[in-house]
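A short worksheet on the structure shown next.
Residues take their numbers from the sequence shown, with the count starting at 1. Bear in mind the structure is a predicted one, so any value in this text is a computation, not a measurement.
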Amino acid sequence: MTATKIKTRRLGTHGLQSSAIGLGCMGMSEFYGPSNEQQSIATIHRALELGVTMLDTADMYGPFKNEELVGRAIKGKRDQVVLATKFGNVRDPNDPTKRRINGRPEYVRQACEGSLKRLGVDTIDLYYQHRVDKNTPIEDTVGAMADLVREGKVRYIGLSEASIATIRRAHKVHPISAVQTEYSLWTRDPEDGLLDALRMLGIGFVAYSPLGRGFLTGQIKRPEDLAADDFRRHNPRFQGENFQKNLELVERVEEIAKEQNCTPAQLALAWVLAQGDDIVPIPGTRHPERVEENVGALKIVLSENDLRRIDLAAPKGVAAGERYAESGMETVNL
Ligand SMILES: NC(=O)c1ccc[n+]([C@@H]2O[C@H](COP(=O)([O-])OP(=O)(O)OC[C@H]3O[C@@H](n4cnc5c(N)ncnc54)[C@H](OP(=O)(O)O)[C@@H]3O)[C@@H](O)[C@H]2O)c1
């Protein structure tokens, strides 16, 4: 089946293009409760049919299982995909809840070889450092990533959750095409200088968890809606009083979505898309019909007035609770 054409966006100034909305594959293997491989693969196939090109995974999701799943899904369809994966979060094989960060050059090469094998491809389109390693100079890590580009194993490179200072240093070693950081109606941190800095440097932005890890869709009404092993149960925004307070924000989003004749998920994505044509949100889902719904956000046009109203309903800093527990917060903005 040939893919439908949807809007594309340019990430960075060196030629990387993506569908304006991508697909996050993480939840298909871990973190968000039980999943079903057949349904996940059908979801990826539906996304490709709809013209979504950017598929986002990482070696730590699963761990490793998510790259293998994506590899199986894209077999025979490689030319339809802008394949993005990440390295650097190393899970303890005996206890995957424990992680460390490794950005050492020899590890970068080893991780890339592993990802290529699991994904079943010769080249990764966009290879990110998942978290900055404070014990390895960024110049060394990005130097090793640049070698992979020269060898044809990687086409473009990216960083995730890096600070502006680190991005500037990295960009001097090799052009960074995209920075991936959390951005949504309830996580506005990139507006504190990051988006401006990226625009000045000519670097694209990939917005992860654009649906607030599902919360902004209005489908999660009680903490008990989440499976016992769901990662979100330990996320501050999904706990106790914070959960209840954040529900008020979702109610306001639902109200505006109703007026716009769209779903809350579509409104949340349309808002991210409206923040600049250098931004590509990558909502995650394991359901083909939700991919259809999410891609539908591309049709929603928000006027200046709509955007002002949404801003009043979900003002910056409104979310109750940090976006990660303490150990997670220590690994961002480095
Ligand atoms: N760089 C990083 O450090 C980092 C961190 C986190 C995530 N990511 C990437 O970003 C991607 C997206 O982020 P995310 O998955 O954390 O959060 P998200 O996209 O904000 O939300 C995903 C959640 O929303 C639900 N959902 C999706 N579409 C929906 C719809 N139309 N209606 C109702 N519910 C819907 C999904 O459930 P179902 O699956 O059941 O549909 C899932 O639980 C991930 O897959 C991953 O690739 C990167």
Does some side-chain heavy atom of V90 sit less than 4.5 Å from a side-chain heavy atom of Y107?
-> yes

To the nearest 0.5 Å, tell me how far M329 CE sits from E322 CD.
-> 4.0 Å

Under 3.5 Å, side chain of N246 to main-chain N/O of A320, donor-acceptor pair present?
-> yes

side-chain contact (heavy atoms from CB on, under 4.5 Å) partner of T85, the single match among I124, V154, D125 | I124

If you round to the nearest 0.5 Å, how far is CZ of R100 from CG of N135?
-> 10.5 Å

Output yes when a side-chain donor or acceptor of R323 lies under 3.5 Å from a complementary backbone atom of W186, and no otherwise.
-> no

For S29, side-chain contact (heavy atoms from CB on, under 4.5 Å) partners two or more places apart | K65, N66, L69

Under 3.5 Å, is there a donor-acceptor pair between the T187 and D189 side chains?
-> no

Sidechain-backbone polar pair: R46 side chain, V291 backbone, donor-acceptor under 3.5 Å = no

Of all the heavy-atom pairs spanning L211 and A268, show the shortest one and how long it is.
-> CD2-CB, 4.2 Å

Verify the cluster assignment for I157 and L201: are they in a single hydrophobic cluster under the rule of side-chain heavy atoms below 4.5 Å apart?
-> yes

Would you find a donor on one side and an acceptor on the other, under 3.5 Å apart, between the side chain of D311 and the backbone of L307?
-> no

Among pairs that include at least one residue of residues 132-175, which meet ring-ring contact (aromatic ring centres under 6.0 Å, His included), considering only residues two or more places apart or in two chains?
-> none

Does any donor atom in the side chain of S115 or E67 lie under 3.5 Å from an acceptor atom in the other side chain?
-> yes

Side chain to side chain donor-acceptor pair (under 3.5 Å) between T57 and R118: does it pass, once the steps are laid out?
-> CA-CA 11 Å; T57 178; R118 286 185 292 275; over 6 Å; no

Mind checking whether R131 and M60 have side chains closer than 4.5 Å, heavy atoms only?
-> no

Ion pair check, D277 and K7, cut-off under 4.0 Å = no

Are L48 and V280 in one and the same hydrophobic cluster, where Ile, Leu, Val, Met, Phe, Trp and Tyr link if side-chain heavy atoms are under 4.5 Å apart?
-> no

How about I279 and F205: do any of their side-chain heavy atoms sit closer than 4.5 Å?
-> yes

Heavy atoms of other groups near K221 NZ, more than 12 under 6.0 Å = yes

For the residue pair S18 and L11, what are the closest heavy atoms and their distance?
-> CB-CD1, 4.1 Å

Sequence-distant partners of R9, salt bridge (charged side-chain N to carboxylate O under 4.0 Å, His left out), two or more places apart = none

Report yes or no: does Q275 contribute a side-chain atom to a donor-acceptor pair with the main-chain N or O of W271 at less than 3.5 Å?
-> yes

Would you please test L226 and F238 for side-chain contact (heavy atoms from CB on, under 4.5 Å) and show each step?
-> CA-CA 10 Å; L226 305 172; F238 288 79; 3.9 Å; yes

N242 (side chain) donor-acceptor with P236 (main chain) under 3.5 angstrom | yes

Greater than 12 external heavy atoms within 6.0 Å of E289's CD = yes

For Q239, check side-chain contact (heavy atoms from CB on, under 4.5 Å) against everything at least two apart and list the hits.
-> H234

Around K258, counting heavy atoms of other residues, nucleotides and ligands shown, do more than 12 lie under 6.0 Å from its NZ?
-> no

CZ (R91) with more than 12 external heavy atoms under 6.0 Å | yes

Heavy atoms of other groups near E326 CD, more than 12 under 6.0 Å = no

L273 side chain reached by I21 side chain, heavy atoms, under 4.5 Å | yes

Cluster overlap M145 with L126, hydrophobic side-chain contacts below 4.5 Å = no

Close side-chain approach of L116 to Y127, heavy-atom, < 4.5 Å = no

Compare every heavy atom of L247 with every heavy atom of I220, then report the nearest pair and how far apart it is.
-> O-CD2, 3.7 Å

Are P175 and T13 close enough that some pair of their side-chain heavy atoms sits under 4.5 Å apart?
-> no

Yes or no on salt bridge (Lys or Arg N to Asp or Glu O under 4.0 Å) for K86 and E161, after CA distance, side-chain angles and deciding distance?
-> CA-CA 12 Å; K86 322 181 194 77; E161 293 283 4; over 6 Å; no

Residues which pass salt bridge (charged side-chain N to carboxylate O under 4.0 Å, His left out) with R10, listed by chain and number, not counting sequence neighbours | none

Measuring from Q180:CD to I282:CD1, what's the distance to the nearest 0.5 Å?
-> 4.0 Å

Closest non-hydrogen atom pair between I176 and G158, with its separation = CG2-CA, 4.1 Å

Donor-acceptor contact below 3.5 Å, side chain S19 vs main chain T53 | yes

Please report the shortest heavy-atom distance between C112 and L148, naming the atom on each side.
-> CB-CD1, 3.7 Å

Rounded distance [0.5 Å steps], OG1 in T263 versus CD in E293 = 3.5 Å

Considering residues, nucleotides and ligands other than R199, do more than 12 of their heavy atoms fall under 6.0 Å from its CZ?
-> yes

ILVMFWY cluster, L267 and F215 together (side-chain gap under 4.5 Å) | yes

Donor-acceptor under 3.5 Å (D225 side chain, R222 main chain) = yes

List in chain and number order the residues that pass side-chain contact (heavy atoms from CB on, under 4.5 Å) with P223, two or more places apart in sequence or in another chain; answer none if no residue qualifies.
-> F243

Point-to-point distance, once rounded to the nearest 0.5 Å, from CD1 of I44 to CD of Q80 | 12.0 Å

Just by distance, do the side chain of T4 and the backbone of E49 share a donor-acceptor pair under 3.5 Å?
-> yes

Side chains of Y324 and E330: do they bring a donor and an acceptor to under 3.5 Å?
-> no

Looking at P281 and A20, what are the two nearest heavy atoms and their distance?
-> CD-O, 3.2 Å

Should the heavy atoms of other residues, nucleotides or ligands under 6.0 Å from CD of E292 be counted, would the total exceed 12?
-> yes

Could you check whether the rings of F231 and F31 sit parallel, tilted or perpendicular, using 30° and 60° as the cut-offs?
-> perpendicular

Within-4.5 Å side-chain heavy-atom neighbours: H130 and F87 | no

Under 3.5 Å: donor-acceptor pair, side chain of R252, backbone of E255 | no

For residues V52 and I6, determine if any side-chain heavy atom of one lies less than 4.5 Å from a side-chain heavy atom of the other.
-> yes

So OG1 of T8 and CD of Q17: to nearest 0.5 Å the spacing works out to 4.5 Å

Please indicate whether D122 has more than 12 foreign heavy atoms, meaning atoms of other residues, nucleotides or ligands, lying under 6.0 Å from its CG.
-> no

Same cluster or not: are V253 and Y183 linked, directly or through other Ile, Leu, Val, Met, Phe, Trp or Tyr residues, by side-chain heavy atoms under 4.5 angstrom apart?
-> yes

